[in-house]
Amino acid sequence: MKTLTAIHQQAPNAKIVLMGYPRLFEKDGQCAGAAGIGTEEGPWLNEMADNLAEEMRGAAGDTGSYAVFADPRAAFAGQAVCGDPETIHWHRPHRPFQGRHHSTRAVDEVVPPKGRRNSQLHQGI
């Protein structure tokens, strides 16, 4: 809340959007694509995404009207690691890191790679 208040004080006409995180795993992370995730870790990570979303929603609500919370969980439902289609990448040790490992082309249509702007994303903000 202190951070949101500080932002609002510096930019009183700005609309602050807190962007949440999707759940990271379908099937509790138990698939070949989520190598290294145990039966307790996948559900725990999903629970943390849910907890974070509720805290962020509460913080935005506590501001009154100058901050809102955007919840991506419904948009990504069924599409996390182990989903179909899988729109969130998981780090795979056998695959070399290429600078971005948290999204796929479907996500890039909304949030383009660094250096590219997406006119859809910037309309109305």
Side-chain angles (χ1 to χ4, degrees):
M1 184 69 182
K2 286 177 16 179
T3 301
L4 295 175
T5 301
I7 293 169
H8 180 63
Q9 288 172 344
Q10 293 295 313
N13 296 321
K15 184 68 146 187
I16 301 168
V17 179
L18 292 180
M19 185 68 195
Y21 291 88
R23 299 179 106 222
L24 295 177
F25 299 100
E26 303 297 332
K27 304 174 191 166
D28 289 332
Q30 302 308 297
C31 69
I37 293 298
T39 56
E40 294 179 13
E41 294 160 318
W44 182 82
L45 287 165
N46 282 342
E47 183 181 333
M48 291 302 103
D50 293 339
N51 290 343
L52 182 59
E54 294 315 310
E55 290 297 320
M56 292 174 77
R57 181 186 315 280
D62 289 347
T63 68
S65 62
Y66 63 83
V68 296
F69 174 64
D71 191 342
R73 291 176 296 172
F76 280 89
Q79 300 178 50
V81 175
C82 302
D84 186 22
E86 184 178 288
T87 59
I88 299 173
H89 286 175
W90 182 249
H91 174 70
R92 296 175 175 100
H94 63 278
R95 180 192 280 170
F97 179 68
Q98 297 177 1
R100 288 177 59 147
H101 65 274
H102 69 281
S103 67
T104 63
R105 184 172 23 189
V107 175
D108 289 344
E109 291 174 12
V110 177
V111 183
K114 185 176 179 181
R116 283 186 29 218
R117 282 190 74 169
N118 182 318
S119 58
Q120 265 187 315
L121 181 64
H122 293 88
Q123 289 176 358
I125 294 180

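Any value given below was found using the heavy atoms of this structure, including those in side chains, with hydrogens, waters and symmetry copies removed.
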When Ile16 is tested against each of Val68, Thr63, Ile7 for side-chain contact (heavy atoms from CB on, under 4.5 Å), which residue passes?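 Per the side-chain contact (heavy atoms from CB on, under 4.5 Å) rule, the option paired with Ile16 is Ile7, out of Val68, Thr63, Ile7.
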Could you report the tightest heavy-atom contact between Gly20 and Pro72, atom names first, then the distance?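 Taking every non-hydrogen atom into account, O-CG, 3.4 Å.
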For the residue pair [X] and [Y], establish whether any side-chain heavy-atom pair is separated by less than 4.5 Å.
X     : Y     : answer
Leu4  : Asp62 : no
Cys82 : Gln30 : no
Phe76 : Leu24 : no

Value rounded to 0.5 Å, distance of [atom1] in [X] from [atom2] in [Y]:
X     : Y     : atom1 : atom2 : value
Asp28 : Arg23 : CG    : CZ    : 8.0 Å
Tyr21 : Met48 : OH    : CE    : 14.5 Å
Leu45 : Asp50 : CG    : CG    : 11.0 Å
Met19 : Asp71 : CE    : CG    : 8.0 Å

SB check Arg73 Glu54 (cutoff 4.0 Å):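 Looking at Arg73 and Glu54, the cut-off is met.
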Phe69, CZ: over 12 other non-hydrogen atoms inside 6.0 angstrom: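 Atom CZ in Phe69 is packed in, count exceeds 12.
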Taking CD in Glu55 as the centre, count heavy atoms belonging to other residues, nucleotides or ligands within less than 6.0 Å. Is the count above 12? no
Can a donor-acceptor pair be found, under 3.5 Å and without considering hydrogens, that links the side chain of Lys27 to the backbone of Val81? no
